[in-house]
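Beneath this line is the structure, given in structure tokens, with notes to follow.
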Amino acid sequence: MTDNEGIMDRLKLGTAELHRQAESRPLQKQLGAGTLARPAFAAYLGQLLFVHDQLERCLDDQVARETHPAFAVAWHSLARHSDNLREDLVASGLDPDTVMPLKATTSLLEQLNKWSEQGNLALIGALYVLEGSMNGNRFISKALQKAWGIDAESGLSYLDPYGDEQRTTWSAFRSRVNAVKFDESEAQAIIDGADRMFKAIGEISDEQHEAICVGS
Ligand code: HEM
């Protein structure tokens with residue numbers, strides 16, 4: 001990594017192809033087009049609840065244990081998306097406590113736990129992917145509101161947690177993390193974490209799509 005290249009710039013460039021692959025999954029395409037049925041959306045949110053909940057707990061744990069100063073820098077002033085997910089699930093008629101994790105979800109949760117035990121900076125790469133996805137989620141929220149004739153408060157809060165503050169929140173996150181100096185092996189761990197999270201969300205999307213959209 002050169003002196004003036006921050007980790008966030010490297011992540012954006014290095015994962016551009018993974019982003020393209022993630023957004024081209026059938027479930028993601030239906031989300032973007034606003035054609036996903038509401039029960040399928042709720043089922044997908046149920047899986048995301050497992051993921052966000054686990055990542056939030058792992059990050060809280062890193063900050064409490066002070067495993068690396070970058071965790072407190074990154075995990076600062078961001079929304080606890082799991083709270084919004086729980087509310088949205090209830091608004092969609094799905095009891096969060098009745099959702100079972102899919103195979104791809106279970107495998108990701110195990111990975112997150114392992115990283116957490118190790119104090120692995122890969123957790124920051126995982127956070128980058130989920131937090132970055134809020135940039136596109138705003139547009140998905142608009143598409144679903146139009147398709148379902150509902151407003152954002154009726155079960156779509158996860159997709160637009162910051163409202164008009166989205167760009168400011170994202171820029172502040174980028175700047176904070178970009179300002180941290182990581183050595184090459186730390187940077188590689190973060191990039192590996194982002195790769196794994198991108199792929200895992202793709203796998204969860206596909207498994208969910210198979211289970212609900214194709215299977216029913
Ligand atoms: C229908 C699906 C999707 C659409 C339409 C979409 C769209 C977008 C858009 C418009 C941006 C902002 C680009 C910019 O301003 O530079 C963005 C950024 C991002 N999205 Fe997506 N996205 C989708 C799916 C996903 C998924 C499934 C993930 C994660 C698995 C994801 C992760 C990210 C990340 C990490 C960024 C930040 C990139 C950066 O600036 O470093 N997106 N997306």
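Because only heavy atoms are used, hydrogens play no part in the values below, and waters and symmetry mates are left out as well, while side chains stay in. All ligand and atom numbering here is 1-based and tracks the order in the structure. Quick caveat, the model's predicted, so the values are computed rather than measured.
In terms of protein heavy atoms, atom 1 (C) of ligand 1 is closest to Gln28 O, 3.2 Å. The closest protein non-hydrogen atom to atom 11 (C) of ligand 1 is Asn135 CB, 3.8 Å. The protein heavy-atom contact nearest to atom 7 (C) of ligand 1 is Gly136 CA, 3.5 Å. Here the heavy atom of the protein found nearest to atom 25 (C) of ligand 1 is His19 NE2, 3.8 Å. Of all protein heavy atoms, the one closest to atom 38 (C) of ligand 1 is Tyr128 OH, 3.5 Å.
Contact annotation for atom 13 (C) of ligand 1: protein absent (non-hydrogen atoms, distance under 4.0 Å).
Looking at Arg138, Glu23, Lys29, Met8, it is Glu23 that brings a heavy atom closest to atom 4 (C) of ligand 1.
With a 4.0 Å cut-off on non-hydrogen atoms, Trp170 touches ligand 1 through its side chain and not its backbone. Under 4.0 Å from ligand 1, not a single heavy atom of Gln30 appears. Under 4.0 Å from ligand 1, the heavy atoms of Ile201 that appear belong solely to its side chain.
A donor-acceptor pair under 3.5 Å is formed between the side chain of Ser171 and the backbone N or O of Arg167.
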>> What verdict does the salt bridge (Lys or Arg N to Asp or Glu O under 4.0 Å) test give for Glu117 and Lys114, after you've listed the backbone C-alpha separation in whole Å, the side-chain angles of each residue and the deciding distance to 0.1 Å?
In response: CA-CA 5 Å; Glu117 281 163 20; Lys114 204 176 286 173; over 6 Å; no
> Checking salt bridge (Lys or Arg N to Asp or Glu O under 4.0 Å) for the pair Arg10/Glu186: CA distance, chi angles, key distance, verdict?
Replying inline: CA-CA 13 Å; Arg10 198 166 155 187; Glu186 290 174 331; over 6 Å; no
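The CD atom of Gln47 lies 3.5 Å from the CG atom of Leu102; values are rounded to the nearest 0.5 Å. Here the CD-CZ distance, from Glu17 to Phe198, works out to 11.0 Å after rounding to the nearest 0.5 Å. With rounding to the nearest 0.5 angstrom, the CG atom of Asn113 is 8.0 Å from the CZ atom of Arg57. Taking CG of Leu27 as the reference point, atom CZ of Phe41 lies at 10.0 Å (rounded to 0.5 Å).
Atoms of ligand 1 lying under 4.0 Å from at least one heavy atom of Arg167, given by number and element, are 15 (O). Close approach of ligand 1 to Val129 is summarised as follows: ligand atoms under 4.0 Å from at least one heavy atom of the residue are 29 (C), 30 (C), 32 (C), 35 (C).
Using 4.0 Å as the threshold, Leu31 has no heavy atom nearer than that to any atom of ligand 1.
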Sequence neighbours excluded and cut-off under 3.5 Å, please list the side-chain donor-acceptor pairs for residues 120-129, or say none.
{"unit_1": "Asn120", "atom_1": "OD1", "unit_2": "Ala122", "atom_2": "N", "d": "2.9"}
{"unit_1": "Asn120", "atom_1": "ND2", "unit_2": "Gln118", "atom_2": "OE1", "d": "3.1"}

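No N or O atom of Arg174 sits closer than 3.5 Å to an N or O atom of ligand 1.
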